[in-house]
Trainee: 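This is the structure I have questions about; it appears just below.
The structure displayed is predicted, hence computed values, not measured ones. By convention in this document, chain letters (A, B, ...) are assigned in the order of the sequence lines, proteins followed by strands, and residues within each chain are numbered from 1.
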2 protein chains.
Amino acid sequence: MKITLTVSRALADGNRIRAVAALMRHDELCVCQVTELLGLATATVSRHMSILRDAQLVQSRKKGRWVYYRLSSDLPDSLSAWLGESLAGSPEIEADRSALDDILACDPEELCRSQRITRPNEQPKVKD
Amino acid sequence: MKITLTVSRALADGNRIRAVAALMRHDELCVCQVTELLGLATATVSRHMSILRDAQLVQSRKKGRWVYYRLSSDLPDSLSAWLGESLAGSPEIEADRSALDDILACDPEELCRSQRITRPNEQPKVKD
DNA sequence: TAGATAATTAGCATAATATCGAAATGACTT
DNA sequence: AAGTCATTTCGATATTATGCTAATTATCTA
């Protein structure tokens with residue numbers, strides 16, 4: 001029951017479902033791209049993704065400073081079938097689809113930079 | 001996304017998963033039988049079952065004073081396939097299976113009576 | 001080596017959920 | 001009609017989840 005419960009809990013959040021749905025369309029997405037899609041703080045998205053990873057729904061790959069997520073290779077067919085069926089025609093997911101096209105058209109570096117600017121964490125950061 | 005989310009939330013609880021698993025083996029179960037299986041207060045079980053019903057995972061049928069639950073007739077095949085696979089071999093569900101056999105061997109009336117006795121709600125209940 | 005940068009982790013406030021006992025509801029039985 | 005009984009609803013409390021900012025980690029680059 002542990003797996004069933006962990007997976008169900010992982011999917012029991014709208015933002016995480018949106019992230020999974022995005023990964024069903026696009027092989028790989030960077031954290032900053034998911035962040036842009038969901039409009040949340042980077043830290044929040046990072047935690048959502050780690051919840052999905054703990055549930056074995058997604059895998060991550062580190063490339064330099066970026067971390068890319070993709071659907072888990074051993075995602076059960078039945079589960080992805082259900083997700084595909086139940087999400088079909090959803091207006092939120094539909095909207096995300098075109099939003100993602102715009103996001104993917106941008107350079108990831110550009111994306112991260114604009115995220116830093118619009119959400120300025122830029123305190124002087126005095127060290128002691 | 002609404003359906004996906006509602007269903008995932010409904011399954012994001014161990015007790016509700018156990019109830020669904022029980023209904024995958026037995027056509028119909030009365031609230032008092034599920035209560036006995038889960039070892040919770042009747043009110044709590046009633047609430048769990050209504051959450052499952054709101055998510056369209058189960059249906060209910062009222063017969064006299066008893067309410068019987070069964071899996072929804074239009075439960076997606078993909079979903080029940082995933083549940084079947086991911087729950088297969090689970091020790092908790094396995095244990096529930098034999099517990100249910102014992103429970104079903106009892107007369108429902110007997111069951112309800114013993115629940116009243118072991119959890120005595122029996123205050124004098126003075127009216128004003 | 002020092003600074004910049006993408007992501008993660010930690011700490012905290014708020015919102016949602018689970019659970020219970022008590023009271024209310026609807027249905028049978030005298 | 002009144003009582004009994006299975007279930008549901010209500011109100012309160014405790015736990016869990018989500019979101020933020022700040023701090024930390026890991027990696028690149030000047």
Trainee: Near DNA chain D, which residues from residues 6-16 of chain A have a heavy atom under 4.0 Å away?
Mentor: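 A:Arg9, A:Asp13, A:Asn15, A:Arg16 - these, ordered by number, are the residues of the stretch whose heavy atoms sit under 4.0 Å from the strand.
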Trainee: What pairs with B:Arg16 under salt bridge (Lys or Arg N to Asp or Glu O under 4.0 Å), at least two apart in sequence or on another chain?
Mentor: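 B:Arg16: no salt bridge (Lys or Arg N to Asp or Glu O under 4.0 Å) contacts found.
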Trainee: Would you write out the dot-bracket form of DNA chain C, 5' to 3', with Watson-Crick and G-U pairs under 3.5 Å, [ ] for crossing pairs, | for pairs to other strands and . for unpaired bases?
Mentor: ||||||||||||||||||||||||||||||
Trainee: Taking side chain to side chain donor-acceptor pair (under 3.5 Å) as the definition, give me every residue that meets it alongside A:Asp27, ordered by chain and number, with sequence neighbours left out.
Mentor: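 Applying side chain to side chain donor-acceptor pair (under 3.5 Å) to A:Asp27 gives none.
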Trainee: What's the OH-P distance between A:Tyr69 and C:dA7, to the nearest Å?
Mentor: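 Between P of C:dA7 and OH of A:Tyr69: 9 Å.
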Trainee: Mind calculating the distance between CH2 (A:Trp66) and C1' (D:dT27) to the nearest angstrom?
Mentor: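 Between C1' of D:dT27 and CH2 of A:Trp66: 10 Å.
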Trainee: Would you say D:dA6 has OP1 or OP2 under 4.0 Å from some side-chain N or O of B:Tyr68?
Mentor: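 Answer no for this pair, as no side-chain N or O of B:Tyr68 is under 4.0 Å from OP1 or OP2.
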Trainee: Let me have the donor-acceptor pairs involving side chains of residues 81-91 of chain B, under 3.5 Å, with sequence neighbours excluded, atom names and distances please.
Mentor:
residue : atom : partner : partner atom : Å
B:Glu85 : OE1  : A:Ser78 : OG           : 3.0
B:Ser86 : OG   : A:Thr4  : OG1          : 2.8
B:Ser86 : OG   : B:Trp82 : O            : 3.1
B:Ser90 : OG   : A:Met1  : N            : 2.8
B:Ser90 : OG   : B:Glu92 : N            : 3.4
B:Ser90 : OG   : B:Glu92 : OE1          : 3.0
B:Ser90 : OG   : B:Ile93 : N            : 3.3

Trainee: Under the salt bridge (Lys or Arg N to Asp or Glu O under 4.0 Å) test, which residues partner A:Asp13, sequence neighbours left out?
Mentor: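 Result, salt bridge (Lys or Arg N to Asp or Glu O under 4.0 Å) vs A:Asp13: none returned.
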Trainee: At what distance, to the nearest 0.5 angstrom, does OH of B:Tyr69 lie from OG of B:Ser60?
Mentor: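 Here the interatomic distance stands at 5.0 Å.
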Trainee: Could you state the CD-C1' distance from B:Glu36 to D:dA6, rounded to the nearest angstrom?
Mentor: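 From B:Glu36 CD to D:dA6 C1': 14 Å.
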Trainee: I need the B:Leu29 CG to B:Leu104 CG distance, nearest 0.5 Å.
Mentor: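 So the CG of B:Leu29 and the CG of B:Leu104 are separated by 6.0 Å.
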Trainee: Would you give a per-nucleotide map of nucleotides 25-30 of chain C, 5' to 3', where B means the base has a protein non-hydrogen atom under 4.0 Å away, S means only the sugar-phosphate does, and - means neither?
Mentor: -BBS--
Trainee: Who are the side chain to side chain contact (heavy atoms under 4.5 Å, CB included) partners of A:Leu71, not counting sequence neighbours?
Mentor: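 Counting only residues at least two positions away or on another chain, A:Leu71 forms a side chain to side chain contact (heavy atoms under 4.5 Å, CB included) with A:Val20, A:Leu23, A:Met24, A:Val58, A:Leu75.
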Trainee: Which residues pass the side chain to side chain donor-acceptor pair (under 3.5 Å) test with B:Ser72, sequence neighbours left out?
Mentor: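 Residues passing side chain to side chain donor-acceptor pair (under 3.5 Å) with B:Ser72: B:Asp74.
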Trainee: If you count every heavy atom of other residues, nucleotides or ligands that lies below 6.0 Å from A:Asp101 atom CG, does the total exceed 12?
Mentor: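 Yes.
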Trainee: Got a sec, which pairs hit salt bridge (Lys or Arg N to Asp or Glu O under 4.0 Å) with one end in residues 47-67 of chain B, sequence neighbours left out?
Mentor: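 Passing the test, one end in residues 47-67 of chain B: B:Glu28-B:Arg61.
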Trainee: Residues from residues 43-60 of chain B sitting under 4.0 Å of DNA chain D, heavy atoms only?
Mentor: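 Those residues whose heavy atoms fall under 4.0 Å from DNA chain D, taken from residues 43-60 of chain B in numerical order, are B:Ala43, B:Ser46.
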Trainee: List for me each residue that meets side chain to side chain donor-acceptor pair (under 3.5 Å) alongside B:Arg97, sequence neighbours excluded, and say none if there are none.
Mentor: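 Side chain to side chain donor-acceptor pair (under 3.5 Å) list for B:Arg97, sorted by chain: B:Glu94.
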Trainee: Rounded to whole angstrom units, what separation is found between the CG atom of B:Leu38 and the P atom of C:dA18?
Mentor: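 Computing the B:Leu38:CG to C:dA18:P distance gives 13 Å.
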Trainee: Any sub-3.5 Å donor-acceptor pair from A:Arg9's side-chain atoms to B:Leu11's backbone N or O?
Mentor: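 Not at all, since once roles are kept as given, no pair shorter than 3.5 Å links the two residues.
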Trainee: If I take atom CZ in residue B:Arg61 and atom P in nucleotide D:dT7, what distance separates them, rounded to the nearest angstrom?
Mentor: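 Spelled out: CZ on B:Arg61 to P on D:dT7 is 12 Å.
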Trainee: So, for A:Leu57 and A:Ala10, which heavy atoms are closest and what is the spacing to 0.1 Å?
Mentor: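 Heavy-atom minimum between the residues: CD1-CB, 3.9 Å.
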